[in-house]
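What follows is one structure encoded as structure tokens, with my remarks underneath.
Each chain gets a letter, A, B and so on, in the order its sequence line appears, and its residues count up from 1. Excluded from the calculations below are hydrogen atoms, water molecules and symmetry mates; all remaining heavy atoms, backbone and side chain alike, are included.
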There are 2 protein chains.
Amino acid sequence: MHQPEHLKNVGLKSTVPRLKVLSLFESGRGRHMSAEDVYKLLLASGDDVGLATVYRVLTQFEQAGLLVRHYFEGGKSVFELNQGTHHDHIVCLQCGHVEEFYDAAIEAHQEKAASERGFQIRDHSLYIYADCTKESCPNK
Amino acid sequence: MHQPEHLKNVGLKSTVPRLKVLSLFESGRGRHMSAEDVYKLLLASGDDVGLATVYRVLTQFEQAGLLVRHYFEGGKSVFELNQGTHHDHIVCLQCGHVEEFYDAAIEAHQEKAASERGFQIRDHSLYIYADCTKESCPNK
DNA sequence: TTTGCGAATGATAATCGTTCTCATTTGCGA
DNA sequence: TCGCAAATGAGAACGATTATCATTCGCAAA
């Protein structure tokens with residue numbers, strides 16, 4: 001569990017809004033959340049935090065490495081707790097189920113492809129769109 | 001070269017704005033263009049097309065399969081002619097320069113990662129965000 | 001070829017997610 | 001406890017995109 005000291009460790013003052021956002025992500029009430037999601041959940045909990053602050057805190061947490069930001073198709077960002085392991089996503093086109101995966105070979109080839117072309121990788125995103133085989137999936 | 005009949009073939013009336021947008025993409029004056037890019041280039045050519053129409057036409061062309069839409073970081077959509085061949089993209093975060101690449105090893109590993117998890121790949125997108133080394137790039 | 005109508009267009013208002021501004025409040029070290 | 005820089009919240013501003021609506025156009029039937 002994160003404590004105020006964790007914020008200090010990443011160079012951020014321990015403030016009420018920051019602690020509330022962090023504990024929301026740790027509560028497991030949502031793994032992938034947009035700024036709007038976070039804002040509404042905090043309001044619903046009776047926690048009075050401004051929307052602008054939510055945006056600021058999410059960005060700070062991303063820069064501090066506490067959260068990872070994903071760029072949705074359509075333009076809005078979603079965040080998830082950074083649990084240290086980079087991973088990509090497979091999204092089921094039928095039921096929206098998201099599965100995370102990591103493939104070292106893919107990571108290595110990406111690095112190679114970029115450097116061969118004179119690029120210095122800053123970030124990357126890989127989304128595989130597929131049909132899953134979940135029992136609950138409507139395509140079954 | 002596309003002709004009015006091509007628009008008919010995909011179920012779209014042949015209109016002046018549509019022909020202008022299509023020929024701009026075919027002119028090679030820009031491979032990856034945002035709606036704003038298209039709008040400005042048409043105005044610069046003396047072609048009087050409304051911005052709203054540019055957005056509509058780009059979306060229609062995407063649905064018709066004439067163009068492919070990419071959602072790059074930074075929140076704006078970029079379009080390119082659909083030439084039938086899959087490829088991934090490296091995007092420079094500084095100057096927006098886009099380079100295309102294809103890596104068979106990455107493709108193969110994606111296929112493997114998905115099938116191992118019981119998914120049937122339908123589509124996928126890989127974007128690498130980086131700093132490029134172009135002379136013209138502002139980060140130099 | 002002219003005509004008529006539904007589709008397409010363009011100007012502009014509206015929307016959405018996000019960032020900025022700025023007056024007020026807060027965390028925290030002295 | 002005090003003081004001040006940093007953080008906050010309300011709302012304005014912003015950039016990309018979509019919706020609205022009166023006008024114009026493409027095209028097929030007469």
Side-chain angles (χ1 to χ4, degrees), chain A residues 2-24 30 32-43 45-64 66-67 69-79, chain B residues 2-24 32-43 45-64 66-67 69-79 91 93 96:
Chain A
H2 281 275
Q3 298 296 321
E5 304 83 62
H6 289 78
L7 290 177
K8 292 254 188 67
N9 290 341
V10 296
L12 294 170
K13 270 190 194 174
S14 172
T15 68
V16 171
R18 285 176 185 156
L19 289 170
K20 285 185 173 164
V21 170
L22 189 51
S23 77
L24 172 59
H32 298 87
M33 292 186 282
S34 67
E36 198 69 31
D37 294 336
V38 170
Y39 178 64
K40 284 181 180 157
L41 282 171
L42 290 181
L43 282 195
S45 310
D47 295 316
D48 198 3
V49 178
L51 180 57
T53 300
V54 169
Y55 274 100
R56 272 187 300 243
V57 169
L58 289 174
T59 299
Q60 291 160 349
F61 282 4
E62 182 203 3
Q63 290 169 345
L66 264 45
L67 297 177
R69 180 196 297 255
H70 295 289
Y71 292 91
F72 248 40
E73 296 207 346
K76 73 158 103 171
S77 298
V78 296
F79 299 81
Chain B
H2 281 274
Q3 298 297 320
E5 303 83 63
H6 289 78
L7 290 177
K8 291 254 188 66
N9 291 342
V10 296
L12 295 170
K13 271 190 194 172
S14 172
T15 67
V16 172
R18 285 175 185 158
L19 289 170
K20 285 185 173 166
V21 170
L22 189 51
S23 79
L24 173 58
H32 298 88
M33 291 185 282
S34 67
E36 197 69 31
D37 293 337
V38 171
Y39 178 65
K40 284 182 179 158
L41 282 172
L42 290 181
L43 282 195
S45 309
D47 295 317
D48 199 2
V49 178
L51 180 57
T53 300
V54 169
Y55 274 98
R56 274 187 299 244
V57 169
L58 289 174
T59 298
Q60 291 159 350
F61 283 5
E62 181 203 4
Q63 290 168 346
L66 264 45
L67 297 178
R69 179 197 297 255
H70 296 288
Y71 295 94
F72 291 152
E73 285 187 14
K76 67 161 90 175
S77 296
V78 174
F79 299 80
V91 185
L93 291 171

Sugar-phosphate only, base, or nothing, as touched by B/Ser34 at under 4.0 Å among non-hydrogen atoms: nothing
Sugar-phosphate only, base, or nothing, as touched by B/Thr15 at under 4.0 Å among non-hydrogen atoms: sugar-phosphate
Whole-Å distance separating the CZ atom of B/Phe79 from the P atom of D/dA16: 13 Å
Nearest heavy atoms of B/Val21 and B/Leu42, plus distance in Å: CG2-CD1, 4.0 Å
Leading and trailing nucleotides of DNA chain C with any atom under 4.0 Å from heavy atoms of chain A: C/dG17 to C/dC28
Strand partner of C/dA30, provided both Watson-Crick or wobble distances fall under 3.5 Å: D/dT1
base_contact_polar (D/dG26 base, B/Arg18 side chain, donor-acceptor, <3.5 Å): no
Distance in angstrom units between B/Leu12 CG and D/dC27 P, rounded: 11 Å
Length of the CD-C1' vector between B/Gln60 and D/dT17, whole Å: 15 Å
Side-chain heavy atoms of A/Leu12 within contact of A/Phe61, under 4.5 Å: yes
Comparing A/Leu51 and B/Val57 on DNA chain C - which has the more 5′ nearest nucleotide: B/Val57
Any side-chain heavy-atom pair of A/Val57 and A/Gln60 under 4.5 Å: yes
Nearest-Å distance for atom pair CG/C1', residues A/Leu58 and D/dT8: 15 Å
B/Leu7 CG - D/dC25 P separation (whole Å): 18 Å
Rounded interatomic separation in angstrom, taking CZ from B/Arg56 and C1' from D/dT20: 10 Å
Identified pairing partner of C/dT21, criterion: Watson-Crick or G-U wobble below 3.5 Å: D/dA10
Under-4.0 Å side-chain N/O to phosphate OP1/OP2 contact, A/Lys13 with D/dA7: no
Interatomic distance where OH belongs to B/Tyr39 and P belongs to D/dT17 [whole Å]: 14 Å
Side-chain touch A/Met33/A/Leu24, heavy atoms, less than 4.5 angstrom: yes
Side-chain heavy-atom pair A/Glu36, A/Leu51 within 4.5 angstrom cut-off: yes
Over all atoms of both residues, closest heavy-atom pair of A/Thr53 and A/Pro17: CG2-CB, 3.7 Å
Between D/dC14 (C1') and B/Lys76 (NZ): distance, integer Å: 13 Å
Under 3.5 Å: donor-acceptor pair, side chain of B/Arg69, backbone of B/Ser77: no
